[in-house]
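Accompanying notes for the structure given below.
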2 protein chains.
Amino acid sequence: MAQETSEGLIASAALTLKDIAREAGVSLATVDRVLHNRPGVRPATVRRVQEIIARNAFQPHVAAAELARGRARRFAFVMPTGANPFMQQIEAYLGEMSAWLSARRLNVELINTDVFDPSVLAASLEALSGEYDGVAVVALDHPAVRAAINDLVDGGTKVVTLVSDVPSSRRHHYVGIDNIAAGRTAGALVGRLVGQKPGRIAIIAGSQGLRDHAERIFGFNQVMGSEFSHLDILPLLEGRDDDDRSEQLISRLLGKHPDIVGLYNVGAGTQGVANALTEAGRGKEIVFVAHDLTAMTRRLLLQGTLDVAISQNPGHEARAAVRVLLSLARNEPILSEQEKIRIDILMRDNLP
Amino acid sequence: MAQETSEGLIASAALTLKDIAREAGVSLATVDRVLHNRPGVRPATVRRVQEIIARNAFQPHVAAAELARGRARRFAFVMPTGANPFMQQIEAYLGEMSAWLSARRLNVELINTDVFDPSVLAASLEALSGEYDGVAVVALDHPAVRAAINDLVDGGTKVVTLVSDVPSSRRHHYVGIDNIAAGRTAGALVGRLVGQKPGRIAIIAGSQGLRDHAERIFGFNQVMGSEFSHLDILPLLEGRDDDDRSEQLISRLLGKHPDIVGLYNVGAGTQGVANALTEAGRGKEIVFVAHDLTAMTRRLLLQGTLDVAISQNPGHEARAAVRVLLSLARNEPILSEQEKIRIDILMRDNLP
DNA sequence: CTCAAAATGAGTTGCGTACCTCAAAACGCC
DNA sequence: GGCGTTTTGAGGTACGCAACTCATTTTGAG
């Protein structure tokens with residue numbers, strides 16, 4: 001009876017800097033110096049103050065700190081030019097945050113540049129040095145870009161790679177998915193949905209030169225080879241993320257191989273691939289897996305031409321990038337579980 | 001050349017209340033009265049001030065507002081007692097937020113109570129009245145509970161239902177998934193993974209009396225009936241979310257029906273069901289779909305007994321509930337896209 | 001026009017931190 | 001023990017808003 005309801009408290013701590021100063025027997029100024037790694041404090045005192053901060057799990061009041069800084073923080077998002085729908089969705093979600101951003105006095109600037117040209121991208125990044133508190137960049141993995149990122153980091157700017165990573169750089173964080181795992185997921189889905197039926201599998205990508213496409217292909221082949229070896233994988237087609245070209249390539253392939261049972265589109269151009277499938281009258285019989293959720297892939301899922309869309313949530317990526325940059329700028333821990341981008345499997349019935 | 005790089009700005013606005021007051025030709029006090037719906041301002045003045053606030057897209061500085069309130073906000077999470085792993089995960093993720101919470105001077109209290117007894121739950125909720133700024137509750141849909149929620153809302157407390165909704169109440173928000181869609185997703189997966197093979201489908205739930213289970217069953221049957229009518233669905237078993245009981249029921253069923261090709265577990269007890277499958281030596285041949293990602297279902301997925309886990313991200317639910325309560329308390333708009341809980345399809349290769 | 005009620009202005013205080021200055025104290029070195 | 005240097009204390013200002021008081025002006029009803 002008495003124990004029917006129990007209570008627990010998560011996080012209390014209403015301590016202030018003044019409390020810490022009193023407990024440490026020093027002045028506010030000294031605590032402030034320790035907290036911000038400012039010089040002029042004896043090592044022994046630094047240790048004592050830090051110990052008391054740690055012992056009391058003291059957290060500076062974010063609101064007060066933010067207010068006291070005065071100036072607003074500036075973040076830059078370096079995104080590809082051109083009509084990539086996925087990138088446009090990210091930009092759109094940033095726009096939806098504008099009220100949230102301005103209520104926190106955060107300035108986010110969009111910088112569209114040719115991220116596929118390493119020297120152009122590197123130059124764009126160099127130009128940001130010193131101007132921004134944080135930079136999120138859809139980056140190509142190239143030595144020049146890596147160097148530009150490292151320069152930014154050295155200059156004190158927080159850097160987050162978005163969608164596409166540059167693991168060899170010293171960027172603070174990567175917001176995006178593991179593309180090998182995404183390719184594996186695609187492979188497992190194609191294989192499982194095809195079932196026992198023997199036949200061939202077609203695979204088309206934008207280009208093998210794109211890191212994310214290459215990784216997806218790698219993961220896909222890995223799974224197909226090890227678990228669905230009864231299925232024959234046709235040589236990779238390169239559709240250059242273009243609808244017309246993809247449609248032509250797939251049409252020709254379908255004509256040549258009447259025994260195709262599965263199809264994986266690694267990159268964009270899904271509409272073109274779907275057209276080819278429909279024209280051949282094999283839209284419902286061939287298992288078709290593609291990437292990203294757009295108005296178009298949503299339609300294809302609902303009408304059954306597309307069986308699965310593997311996607312990374314662009315809204316989540318946009319918001320995670322902003323939150324991570326903000327946490328980094330505040331020297332606040334990152335909620336890693338929250339900022340991790342999942343590989344979404346979207347079928348007709350779990351469309352968001 | 002000149003247009004290689006373009007720039008865009010998202011959200012600026014560094015206006016303060018003082019600016020608004022000046023532009024409206026009124027004093028700070030009046031703007032404050034308008035902003036907080038305090039009495040003593042002529043309707044015409046209210047309109048004029050509001051218009052200027054709207055025209056300039058003025059956003060009060062969150063940090064300043066938070067600092068000025070003085071007192072911390074108190075939120076209560078009313079969760080079920082007992083060893084439900086999913087609920088324990090939510091509580092664990094709340095614990096992981098503790099640094100984040102205390103840096104914002106937010107107090108979150110866990111209140112464990114018997115949420116399955118309407119009168120006990122209603123009493124627990126009534127007891128919170130006036131004590132908290134916000135309440136998140138895993139609620140049973142029952143008239144007494146509905147009334148208790150409405151009382152809280154009327155008392156000015158923000159209320160969010162968590163995992164399980166009470167749509168007939170006036171709760172401000174629901175953080176959780178659409179269980180009918182989850183059931184439909186399960187049905188589509190079972191049907192598609194089984195493929196052409198004819199046979200029977202087994203389905204076991206905790207209880208038909210639980211709203212979420214009933215909804216999932218409904219969605220599952222909907223899809224199976226309309227799209228996979230060649231598959232025969234066996235009568236529902238009730239395992240009461242208990243491993244042993246579920247194992248016994250499924251073992252008996254497997255013995256009786258050698259032609260079972262698919263199995264859907266609506267609730268808990270997945271370990272028991274898996275045991276029965278393994279003992280019968282049919283773990284890999286029967287398509288098995290269950291709910292929730294735990295250490296156990298993760299293991300079953302990796303070893304291939306379980307084919308798909310349909311899950312809602314407990315960490316996301318915990319954080320979304322806190323964020324929504326905070327936004328509600330601040331009278332701030334909610335980023336609905338962000339707070340929406342997705343139905344995750346988890347297979348071996350996209351395990352987070 | 002009068003007068004009470006309503007509306008508004010002007011001002012204050014405090015929230016907890018960042019950042020700054022200047023004086024005072026403690027320290028280490030010779 | 002005296003010196004310069006380093007360390008520390010004390011205090012102030014500012015950030016933008018909430019919440020309050022009190023005086024003053026405006027308004028509308030009679």
Side-chain angles (χ1 to χ4, degrees), chain A residues 12-50 52-53 56-73 102-106 133 329-332, chain B residues 12-50 52-53 56-73 101-107 133 329-332:
Chain A
S12 46
L15 293 183
T16 72
L17 280 183
K18 215 190 295 180
D19 301 315
I20 298 296
R22 186 158 21 80
E23 185 162 341
V26 297
S27 73
L28 258 178
T30 300
V31 177
D32 183 70
R33 289 178 186 117
V34 172
L35 210 55
H36 298 92
N37 307 311
R38 279 191 258 271
V41 184
R42 219 176 325 166
T45 313
V46 172
R47 252 180 285 112
R48 188 158 43 100
V49 173
Q50 279 176 338
I52 288 179
I53 289 178
N56 297 22
F58 169 75
Q59 301 275 125
H61 192 322
V62 198
E66 207 61 31
L67 186 57
R69 308 186 70 245
R71 60 188 186 287
R73 298 180 199 276
S102 64
R104 287 159 186 75
R105 300 300 186 265
L106 300 175
D133 300 287
R330 287 177 176 164
N331 286 318
E332 208 183 23
Chain B
S12 46
L15 294 183
T16 71
L17 279 183
K18 213 191 294 181
D19 301 316
I20 299 296
R22 186 159 19 83
E23 185 163 340
V26 298
S27 74
L28 260 176
T30 300
V31 177
D32 183 70
R33 289 180 185 115
V34 172
L35 210 55
H36 299 92
N37 307 310
R38 281 191 257 269
V41 184
R42 218 177 326 166
T45 313
V46 172
R47 254 181 283 113
R48 197 179 65 223
V49 173
Q50 278 177 339
I52 288 179
I53 288 178
N56 297 36
F58 167 75
Q59 300 276 127
H61 192 321
V62 202
E66 207 60 32
L67 189 56
R69 303 186 76 244
R71 60 187 185 288
R73 297 181 199 275
L101 291 169
S102 64
R104 287 159 184 74
R105 300 300 185 266
L106 300 175
N107 290 330
D133 300 287
R330 288 177 176 164
N331 286 319
E332 208 184 23

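Remember, predicted model here, so these are calculated numbers, not experimental data. Chain naming here is simple, since letters A, B, ... match the order of the sequence lines and numbering starts at 1 in each.
In this structure, R71(A) and A64(A) both approach DNA chain C, and ranking their closest nucleotides by distance from the 5' end singles out A64(A). Of the two residues near DNA chain D, R48(A) and A63(B), the one whose nearest nucleotide lies more 5' is R48(A). Take the nearest nucleotide of DNA chain D for V46(A) and for G70(A): the residue whose nucleotide is more 5' is V46(A).
To the nearest angstrom, C1' of dG16(C) lies 16 Å from CZ of R69(A). As a whole-Å value, the separation of L67(A) CG from dA18(D) C1' is 12 Å. The nearest whole Å value for the distance from the CG atom in L17(B) to the P atom in dG11(C) is 17 Å. R42(A) places its CZ atom 9 Å from the P atom of dG9(D), with the value rounded to the nearest Å. Following rounding to the nearest Å, K18(B) (NZ) and dC17(D) (P) show an atom-to-atom distance of 9 Å. With rounding to whole Å, R22(B) atom CZ is found 14 Å from dG16(D) atom C1'. Rounded to whole Å, atom C1' of dA7(C) lies 15 Å from atom CZ of R47(B). What separates CD of E332(A) from C1' of dT17(C) is a distance of 15 Å, to the nearest Å.
Side-chain atoms of R105(A) lie closest to dC17(D) of the nucleotides dC15(C), dC17(D), dT17(C). Across dC15(C), dT8(C), dG9(D), the shortest atom-to-atom separation from the side chain of R33(B) is found for dT8(C). For T30(B), the side-chain atoms get nearest to dG9(C) when compared with the rest of dT8(D), dA19(D), dG9(C). The side chain of D32(B) lies closest to dA19(D), out of dA18(C), dG16(C), dA19(D). Among the nucleotides dG9(D), dT17(C), dG16(D), the one closest to the side chain of S27(A) is dG9(D). Set against dA19(D), dA18(C), dG16(D), the side chain of H36(A) has dA18(C) as its closest nucleotide. Here the side chain of R38(B) is nearest to one of dG16(D), dA19(D), dT17(C), namely dA19(D).
When side chains are defined from C-beta on, Q59(A) does not count as touching R104(B), because their heavy atoms never get closer than 4.5 Å. With a 4.5 Å cut-off on side-chain heavy atoms, E66(B) and R330(B) count as touching. When side chains are defined from C-beta on, E332(A) counts as touching V62(A), because their heavy atoms get closer than 4.5 Å.
Across T45(B), L35(B), V46(B), a single residue satisfies side chain to side chain contact (heavy atoms under 4.5 Å, CB included) together with T30(B), and that is T45(B). Between I20(A) and the options V34(A), L28(A), V26(A), I52(A), a side chain to side chain contact (heavy atoms under 4.5 Å, CB included) holds for only I52(A).
Residue contacts for A29(B): at a heavy-atom cut-off of 4.0 Å it reaches a base atom on one of the strands shown.
Pairing for dG30(D) is with dC1(C), a Watson-Crick or G-U wobble pair whose two hydrogen-bonding atom distances lie under 3.5 Å.
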